[in-house]
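Notes follow once the structure below has been shown.
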Amino acid sequence: MSDDLHESLRDNVRILGDSLGRTIADDLGEGFVDRIEAIRGYAKSGRQGDVQSSRELIEYLRKLPDRDLLPVTRAFNQFLNLANIAEQHYRARYRRVEDYRPGSQPMLGELLTRARQAGHAPRKLVESLANMRVELVLTAHPTEVIRRTLIQKYDAIDECLSTIESSSDYPERASRARGRLEELISQAWHTDEIRHERPTPVDEAKWGFAVIENSLWQAVPAFHRDLDTLLLETAGERLPLDAAPIVFASWMGGDRDGNPNVTSRVTREVLLLGRWMAADLYLRDLEQLKAELSMWKSNSALRAEVGGVAEPYRELLKRLVQRVEATRDWAKAELDGRSFEGGPIIENSDQLYAPLLTCYRSLCDVGLDTIANGALLDTLRRVAIFGVTLTKLDIRQEASRHALVMEELTGALELGHYRDWSEEQRQAFLLAELESRRPLIPRRWECSAETREVLDTFRVIASEQSEALGTYIISMAAQPSDVLTVALLMKEVGGQVSLPIAPLFETLDDLNRAGDVIDRLLALPGYRALAGMTQEVMIGYSDSAKDAGQLAAAWAQYRAQERLVEVCRAHGVSLTLFHGRGGAVGRGGGPAHAAILSQPPGSVNGSLRVTEQGEMIRFKFGQPDIALRSMEIYACAVLEATLLPPPSPEPHWREEMDRLAAIAHRGYVSVVRENPDFVPYFRAVTPEGALGRLPLGSRPTKRRQDGGVETLRAIPWIFAWTQIRLMLPAWLGSGEAFCTRLEEEGGLETLREMRDQWPFFGTYLDMLEMLLAKADVAIASYYERRLVDEPALKALGEDLRERFTRLNEVLLTILDQEELLEQTPLIRQAIAVRNPYIDPLHGLQAELLQRNRDADGAISGELTRALMVTMAGIAAGLRNTR
Ligand code: PGA
């Protein structure tokens with residue numbers, strides 16, 4: 001990457017930073033800006049190794065009067081967000097930005113050429129792309145720290161940067177854009193960055209729909225156009241009209257796992273909102289088509305439909321518009337609880353697709369291909385991808401909630417206690433009931449509110465078109481009976497099973513048993529009769545890492561997938577793996593391309609589901625250009641994993657992984673579970689307690705409010721460790737594992753061989769490297785000095801930091817590097833540029849946590865907000881809630 005590209009990034013950071021400086025000076029005076037500059041100056045020299053400056057920074061922050069704390073945290077937070085905008089802008093502009101190891105940024109054109117060279121026939125390429133099924137599942141995981149209203153302003157700022165850059169010959173336009181930029185930055189400064197209230201699940205779903213409206217609606221047809229052109233160039237064929245290689249599903253308003261705010265009522269409302277939004281978006285397309293398709297030449301099929309009118313396309317579109325308008329009005333009436341009296345509505349995608357196809361074919365038949373392949377084709381593609389609901393809504397519920405329904409039911413029917421039955425007894429009962437013709441649930445059954453809610457959700461499912469819904473996911477699944485229970489409840493409430501049911505395996509034990517559980521499940525004829533030839537299984541990345549440590553969990557996930565592939569193959573069933581990855585490394589995050597290619601061979605095979613969560617939705621799909629690139633990366637990765645799969649690991653690599661995982665697991669468990677000082681240390685040194693007050697999403701931070709760290713969800717667990725820059729869950733245990741191997745003969749060679757030849761291991765190390773580069777033990781140690789008194793806890797902190805330092809050293813040895821991120825200078829530079837802005841936020845956070853403790857959690861509202869801004873700012877500075 002040439003220097004002037006970096007230069008453009010630096011210029012933009014400067015433009016935005018200067019504007020923020022002027023805004024703050026206008027609001028709070030030059031004196032305040034001088035204080036910010038002083039803080040930044042100390043932080044900067046501190047980072048350059050001046051210990052005295054680091055001390056002065058801390059002193060300065062501790063002496064700040066209360067009234068300055070909020071504006072100071074806000075200033076640093078806002079600057080970091082502006083730096084992110086500049087970086088995101090840069091990434092969108094230069095498609096092949098180094099995100100990861102150099103040379104590994106995939107481009108579809110290059111991949112198709114490579115596949116041709118590897119002997120794949122042109123037809124095979126077209127088929128592979130046309131049959132590809134990548135489902136990106138947008139979830140409402142509470143990791144997005146930026147408010148919607150600010151996201152909109154940031155998007156507008158990004159547009160200003162584009163205008164300025166493209167207006168070198170038109171200074172007046174550039175100057176107008178600069179004025180607008182100043183205005184937007186001022187708006188942002190005068191807007192609270194932390195919401196005052198938690199969003200509802202319906203708000204979350206609306207944000208998801210907004211991503212479709214503002215970005216994917218444009219990006220999807222553009223992506224298909226690019227694919228089409230590439231296929232024409234490399235294979236001489238076009239992409240089939242209805243190809244849907246990448247589609248979108250959603251958990252927003254459907255994921256009720258541990259979130260009591262997602263009720264059956266909410267799910268119904270969100271489904272209706274999807275219909276309403278879809279109708280609204282299609283109406284815009286159809287109005288444009290109606291305006292443009294004024295031609296008269298048409299084929300007989302179209303004329304047969306509309307009769308001998310002068311403008312047949314417009315006539316057909318007019319009728320379609322009426323139906324879509326009726327659909328929009330119907331959905332609105334349903335949402336408002338009114339009855340709908342209008343004309344026929346669009347019930348399914350075919351009713352929308354068919355008339356558009358008639359127009360398309362007619363235009364092609366009369367030689368107007370250019371027109372057919374314009375805006376009309378884009379709308380056809382949208383219907384193929386978004387259907388009439390925009391996304392398919394998944395439902396997720398915990399296995400224990402279904403078991404509770406069965407327990408109550410068997411109790412009420414005096415059949416015994418489901419809870420006490422063995423797995424065999426449960427299966428026998430459930431299978432018999434699945435086959436039985438008589439209903440099991442009594443008509444007037446006085447069940448508990450929890451059970452009613454579960455059943456009501458099944459009723460919503462039963463009342464929907466299958467097109468609207470995706471998969472029913474069972475979290476914390478462990479046994480075949482967990483799946484059978486859902487199948488039975490679906491049958492009881494809704495007739496036949498219509499949704500695929502996917503167990504989610506998310507603890508180490510459950511991952512280890514996943515293959516056998518699916519094997520036993522598929523061996524049950526009663527189940528096979530319902531499920532048919534396909535099975536979906538979800539792999540939980542973050543909970544397993546929380547349970548077992550990252551290294552052991554990663555290996556267990558890998559092996560579970562291998563075994564699942566084997567088992568499904570043996571049963572003649574086609575397997576879709578659904579990857580529950582978060583954005584953060586500790587939650588299975590990482591660049592999509594590397595992540596997919598590090599899966600076991602055979603596990604991708606053209607189909608894949610994967611979650612896209614929280615802030616990652618904005619990073620990857622928030623703007624059309626970026627979304628387009630993200631889709632290209634997914635398509636590349638899945639195509640590559642299917643056509644040119646990674647090698648199977650050598651037997652000695654597997655043995656190596658078994659050993660590494662065992663040592664790392666032991667190391668992790670010995671601290672996290674067995675050291676009695678660990679939980680008190682976690683509570684004392686991280687902002688975990690205050691995190692629950694940050695209104696990031698609709699769901700609580702714990703699965704059960706009365707539980708301890710074990711009920712804390714993976715997101716706040718990772719978030720808390722990230723805030724103090726120890727990032728502990730993602731690396732604890734791995735240092736011991738690597739050290740042991742390096743001390744042994746041949747250990748280093750084997751590890752390097754695995755790194756170079758096995759994408760799974762290479763990617764693991766790359767992610768570890770990035771994580772260690774973002775971690776900072778000096779900062780973690782500062783939190784400890786401020787917040788921890790007991791010697792035993794301090795000793796534990798010391799021990800953890802030593803482990804970290806040792807890991808750092810061994811990792812550099814394995815990588816054969818002097819320092820971290822040697823191969824990815826852009827990421828290293830991005831972290832270095834941000835550090836002087838993040839450091840003051842850490843200092844202030846520790847200070848505020850201490851004051852909060854001194855005041856028994858009763859600091860003023862303003863200081864509480866300052867504390868929250870530090871959390872948001874640190875997350876933004878590290879570019880995610882890792
Ligand atoms: P979950 O997800 O808690 O919803 O299972 C965890 C994560 O995404 O980290």
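Indexing begins at 1, ligand by ligand and atom by atom, following the structure's order. One is the number of the first residue; the rest follow in order along the sequence. Quick caveat, the model's predicted, so the values are computed rather than measured.
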Exceeds 12 heavy-atom contacts within 6.0 angstrom, atom CZ of R268: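 At most 12 heavy atoms, drawn from other residues, nucleotides or ligands, come within 6.0 Å of this atom.
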Enclosure of R265 CZ (heavy-atom neighbours >12, cutoff 6.0 Å):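 Incorrect, the count does not exceed 12.
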Contact residues of ligand 1 (heavy atom under 4.0 Å), by chain and number: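 Answer by chain and number: H141, R396, E506, S542, D543, R587, Q613, R699, R713, A714, I715.
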I874 backbone acceptor or donor facing H842 side chain under 3.5 Å: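 Flag not set: sc H842 to bb I874 has no pair under 3.5 Å.
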NZ or CZ of R587 within 45° of Y541 ring axis and under 6.0 Å: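 No; the conditions do not both hold, so R587 does not lie above the ring face of Y541.
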W717 and W721 aromatic ring geometry - parallel, tilted or perpendicular at 30°/60° bounds: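 Rings of W721 and W717: perpendicular, over 60°.
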Pair D510 + R513: basic N to acidic O under 4.0 Å: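 R513 and D510: salt-bridged.
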